[in-house]
Amino acid sequence: MFANTFIVMSLQQILCQALERLGYLWYESRTPCTREGMYQTSIEVRSTPSPAVEPMFTVYGKALPCGCEAKNWALIHALIFLFTTE
C-alpha cells in the first residue's frame, strides 16, 4: 500500500469502474523482479472470480527499475486496451 502513488490509486479506481460496468473482474499479480533487476506487473481480467478459469486477457506493464512505476504502466496499458477495443 505504501508503494502506491496517487496516480496508481486514481488509475485503479478508473479501471475498477470500467471493468465493473463491463461485468469483469481484475487481478493484479505481485510485482516480481526480472533477471535484469527490473520490476514488472501484470493484470489479469476475468469474467468469473474462479482462478481455475483462464483469464480473458492479461496485460503486462513495462519492466522498470521502480515497482510503483511498473504498476502505473500495467494500469495504463490495461486502460488503453479496454478503451481502444470496446
Side-chain angles (χ1 to χ4, degrees):
M1 175 73 180
F2 295 107
N4 287 347
T5 63
F6 288 118
I7 294 170
V8 166
M9 293 168 63
S10 298
L11 292 173
Q12 282 180 342
Q13 288 178 345
I14 295 167
L15 184 63
C16 284
Q17 289 176 8
L19 289 175
E20 183 179 315
R21 287 187 181 258
L22 294 170
Y24 301 146
L25 304 167
W26 70 283
Y27 300 92
E28 174 191 342
S29 71
R30 61 182 179 77
T31 305
C33 200
T34 64
R35 287 182 287 182
E36 295 81 21
M38 307 287 257
Y39 296 93
Q40 188 173 28
T41 301
S42 66
I43 295 174
E44 292 182 348
V45 176
R46 299 174 182 271
S47 59
T48 177
S50 173
V53 176
E54 287 290 319
M56 295 169 48
F57 60 89
T58 303
V59 177
Y60 293 91
K62 291 181 179 181
L64 296 166
C66 178
C68 62
E69 289 178 7
K71 188 172 182 177
N72 284 353
W73 278 105
L75 290 166
I76 290 168
H77 287 172
L79 288 167
I80 289 170
F81 180 79
L82 282 176
F83 291 116
T84 59
T85 58
E86 286 297 319

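Index from 1, following the sequence.
- No continuous path of ILVMFWY side-chain contacts below 4.5 Å connects Y27 to Y24, so the two sit in separate hydrophobic clusters.
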Only pairs under 3.5 Å count here: list side-chain donor-acceptor contacts from residues 51-69, not counting sequence neighbours, and write none if there are none.
none

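- Residues L11 and N72 approach most closely at CD1-O, 4.0 Å, considering heavy atoms.
- Linking Ile, Leu, Val, Met, Phe, Trp and Tyr whenever their side-chain heavy atoms come within less than 4.5 Å puts I76 and V45 in one cluster.
- Every residue meeting the salt bridge (charged side-chain N to carboxylate O under 4.0 Å, His left out) condition with E44, not counting sequence neighbours, appears here in chain and number order: R46.
- In the hydrophobic clustering of this structure, I80 groups with L22; members are Ile, Leu, Val, Met, Phe, Trp, Tyr whose side-chain heavy atoms approach within less than 4.5 Å, directly or through other members.
- Residues W73 and L19 fall within the same hydrophobic cluster, defined by Ile, Leu, Val, Met, Phe, Trp and Tyr side chains chained together at heavy-atom separations under 4.5 Å.
- Evaluation of the side chain to side chain contact (heavy atoms under 4.5 Å, CB included) rule for E20 yields no partner, not counting sequence neighbours.
- Inter-residue side-chain proximity for I43 and L15 is flagged as met; some heavy-atom pair is nearer than 4.5 Å.
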